[in-house]
Amino acid sequence: MKIDVLTLFPGMFAGPLDESIIQRARKAGLLELRIHQLRDWTHDRHKTVDDRPFGGGPGMVLKPEPLFEAVESLATDDTKVILLTPSGRVFNQAVARELAGAKHLVLVCGSYEGFDERIREALADDELSIGDYVLTNGALPAMVVIDAVTRLLPGALGDDASSADESFSHGQLEYPHYTRPAEFRGMKVPNVLMGGNHAEIEKWRRAQAAARTRQRRPDLVNEETEGVDKKKTPKKTKAKNL
Ligand code: 4GM
């Protein structure tokens, strides 16, 4: 998969995506990641990317011209253009799985008060939010999306780990895990895990996961829609103006 990121803060991306599994996926060629400075698509001396809002009000708005030029230079027919914004549909594991099937993503990080509406209307295939809070810019949300998607790419996780066998893949929270020592400061590992009865262990884990999900995340409990995006926010249609 190819991912191009458009940001005013490319320096923020050095570090988080240069470590561990993401770095390994990049080196293996599973992920081709390119971070771009949006100001590279400006033409004025001051590299202006934003301007005051028509109608007045606080803050600045990202101008359409640099973003249109940038996206037009990066996108092909296989590209999904995604804006990171607090008003996007909420990103979750189901959305991550959906994006992991794409060939090419262009992630557009906003800042300030957001994007000129024409960017949303004419450029974006989708708008995502990583949660109901406001950050100074879209770089961290973009990194969250990149991380969640990359680890789902076939071959990204080592032999020991499988993304099919984890929290959320069955729409539930994970069961409790233990490793050695069998007793630590008086706290014992549950007997069932020590016995080697795999059917019993499986049964125990299922029950634990179900109980934990019911208690901590009742919003996730519903057999019919297990593992799917329940609160499916409508996907964006370019024509629709909402
Ligand atoms: C306003 C409009 C995304 C602010 C567009 C971006 C939080 C998220 C920004 C923007 C952001 C999020 C920048 N803050 N919840 N700040 O995913 O891009």
Side-chain angles (χ1 to χ4, degrees), residues 3-17 22 33-42 47-72 74-75 79-100 102 105-152 168 217 219 229-236 238 240-242:
I3 302 182
D4 286 285
V5 178
L6 289 165
T7 174
L8 293 173
F9 308 105
M12 286 183 69
F13 290 78
L17 305 175
I22 307 300
L33 180 66
R34 282 177 294 249
I35 312 296
H36 307 274
Q37 168 57 263
L38 178 61
R39 292 187 198 280
D40 291 350
W41 280 274
T42 56
K47 298 185 186 285
T48 312
V49 290
D50 58 346
D51 205 342
R52 288 153 40 217
F54 277 124
M60 298 289 269
V61 175
L62 283 180
K63 293 165 64 63
E65 300 95 320
L67 265 171
F68 270 70
E69 283 195 33
V71 169
E72 281 162 1
L74 296 171
T79 307
K80 267 190 95 160
V81 178
I82 299 173
L83 309 187
L84 285 313
T85 155
S87 44
R89 66 178 175 132
V90 179
F91 185 70
N92 62 17
Q93 194 63 28
V95 178
R97 279 194 287 266
E98 180 191 318
L99 297 186
L105 303 178
V106 172
L107 302 181
V108 182
C109 306
S111 355
Y112 315 108
E113 299 307 306
F115 308 93
D116 183 288
E117 187 65 13
R118 291 162 293 191
I119 295 165
R120 298 182 50 230
E121 280 172 14
L123 230 41
D125 297 302
D126 206 348
E127 300 176 37
L128 296 178
S129 163
I130 62 161
D132 292 337
Y133 38 82
V134 178
L135 303 166
T136 54
N137 67 79
L140 287 169
M143 286 186 255
V144 166
V145 169
I146 292 165
D147 189 294
V149 169
T150 300
R151 61 186 290 291
L152 295 179
F168 290 115
R217 294 294 305 277
D219 58 303
D229 186 4
K230 282 201 290 178
K231 282 199 253 159
K232 201 156 194 167
T233 355
K235 261 204 241 167
K236 187 182 153 126
K238 266 186 182 162
K240 262 202 198 122
N241 203 7
L242 247 173

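Note that ligands are numbered from 1 as they come in the structure, with each ligand's atoms numbered from 1 the same way.
With sequence neighbours left out, Arg34 forms a side chain to side chain contact (heavy atoms under 4.5 Å, CB included) with Lys2, Asp4, Glu32, His36. For Leu8, the side chain to side chain contact (heavy atoms under 4.5 Å, CB included) partners two or more places apart in sequence, or in a different chain, are Gln37, Leu38, Arg39, Val49, Leu62, Ser111, Tyr112.
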What pairs of donor and acceptor atoms, side-chain ones from residues 131-142 against any protein atom, are under 3.5 angstrom apart with sequence neighbours left out?
residue, atom, partner, partner atom, Å
Tyr133, OH, Ile130, O, 3.2
Asn137, OD1, Ala139, N, 2.8

Take Arg118 and Glu121 through the salt bridge (Lys or Arg N to Asp or Glu O under 4.0 Å) test and state the conclusion after the steps. CA-CA 5 Å; Arg118 291 162 293 191; Glu121 280 172 14; over 6 Å; no

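Using a 4.0 Å heavy-atom criterion, the residues that approach ligand 1 are Leu84, Thr85, Pro86, Gly110, Ser111, Tyr112, Glu113, Gly114, Phe115, Ser129, Ile130, Gly131, Tyr133, Val134, Leu135, Asn137, Gly138, Pro141.
Across Val71, Ile119, Asp126, Leu67, a single residue satisfies side chain to side chain contact (heavy atoms under 4.5 Å, CB included) together with Val81, and that is Val71.
Remark: side-chain polar atoms of Asp116 are not paired, donor with acceptor, to backbone N or O of Lys63 under 3.5 angstrom.
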